[in-house]
Amino acid sequence: MASPLSSAGPARLVVLVSGSGTNLQALLDAIGDDPEGYGARIVAVGADRDNITGLERAERAGLPTFVCRVKDYGARAEWDAALAAATAEYRPDLVVSAGFMKIVGKEFLAGFGGRFINTHPALLPSFPGAHGVRDALAYGVKVTGCTVHFVDDGVDTGPIIAQGVVEVTEEDTPEGEAALHERIKEVERKLLVEAVGRLARDGYRIEGRKVHLGHVGE
Ligand code: GAR
């Protein structure tokens, strides 16, 4: 079955990671040996650092990988251009930032804006940035969660695709950031798999801040 995003079969995904890659693994598991059924397949995995479990997961799955480290480039814009070029080589229909801990620049967004998705461990627009779980705990919220959204030129400010809620309990002390993050990630992995699958299978349209699923060409 062709995806509305690609006339040539399942949508092509490039996934970007910086760490353990459990969200990447959830996508790999959901696709399994039926990319047609899921509507998408991962064609490559990119990272901003070496020696991470996320890259090992990709290699185990037999996927090509690439690494673009900021420190290997003279300027941030050069790194951004290199990341954009490495990603473009795999002709993705969608790019998924799954725990990729870098803000991309102008060139990357020029190439992939409107088809670059991020997953964030808080209910945006609350607690954007690198410490979403810690910041929500410190604020004393009673619920937090995760947000899958398109990336724009702000920090975690793009149009929201899907959100999942996780309760914060009395047991969640500021020292318990990792435990809360694990509970969020259980919800997040399912949310990301569901959101990416729906975008790929049903198509989508972005109108201002609103993401409409299944409205291609209307
Ligand atoms: C996820 O919780 C993701 O939301 C978060 O990193 C984790 C990656 O987990 N991303 C951010 O905080 C980005 N600001 P994983 O490597 O196991 O998929």
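Just so it is clear, the values below take in all heavy atoms, side chains as well, and ignore hydrogens, waters and symmetry mates. Index from 1, following the sequence. Remember, it's 1-based here, ligands and their atoms both numbered in the order they're listed.
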Problem - Flag, side chain of Gln163 to backbone of Leu124, donor-acceptor distance under 3.5 Å - result: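 Pair found, side chain donor or acceptor close to backbone of Leu124.
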
Need the ligand 1 atom indices (1-based, order shown) with element for anything under 4.0 Å from a heavy-atom of [X].
X: His181; answer: 1 (C), 2 (O), 7 (C)
X: Gly129; answer: 14 (N)
X: Gly99; answer: 6 (O), 8 (C), 10 (N)
X: Thr119; answer: 3 (C), 4 (O), 10 (N)

Problem - Contact check: Ser20 vs ligand 1, nitrogen or oxygen atoms, below 3.5 angstrom - result: yes

Practice task
Please say whether Gly21 places an N or O atom under 3.5 Å from an N or O atom belonging to ligand 1.
Solution key: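 Yes, since at least one N or O of Gly21 sits under 3.5 Å from an N or O of ligand 1.
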
Problem - Value rounded to 0.5 Å, distance of NZ in Lys185 from CG in Asn23 - result: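 So the gap between those two atoms works out to 6.5 Å.
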
Practice task
With rounding to the nearest 0.5 Å, note down the distance linking CD1 in Ile117 to CD1 in Ile161.
Solution key: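 These two atoms lie 5.0 Å from each other.
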
Handout entry: Heavy-atom side-chain proximity of Phe108 to Leu16 below 4.5 angstrom
Key =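 SC-SC contact between Phe108 and Leu16 confirmed.
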
Practice task
Determine, for Lys190 against Glu188, whether the closest basic-nitrogen to carboxylate-oxygen distance falls under 4.0 angstrom.
Solution key: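 Here Lys190 does not pair with Glu188 in a salt bridge, since their nearest N and O are not under 4.0 Å apart.
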
Exercise for the section: Tell me which one of Glu188, Arg189, His120, Lys185 gets a heavy atom nearest to atom 4 (O) of ligand 1. Expected result: Glu188

Problem - For atom 13 (C) of ligand 1, closest protein heavy-atom neighbour - result: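 Here the closest protein heavy atom is Met101 SD, 3.5 Å.
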
Exercise for the section: Please report which non-hydrogen protein atom sits nearest to atom 5 (C) of ligand 1, along with the residue it belongs to and the distance in Å to one decimal place. Expected result: Pro121 CD, 3.8 Å

Practice task
Using the rule that two of Ile, Leu, Val, Met, Phe, Trp, Tyr join whenever any of their side-chain heavy atoms come within less than 4.5 Å, decide whether Val15 and Leu191 are in one cluster.
Solution key: yes

Practice task
Would you kindly say whether Arg189 and Thr22 are connected by a side-chain donor-acceptor distance under 3.5 Å?
Solution key: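 Yes, a side-chain donor-acceptor pair sits under 3.5 Å.
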
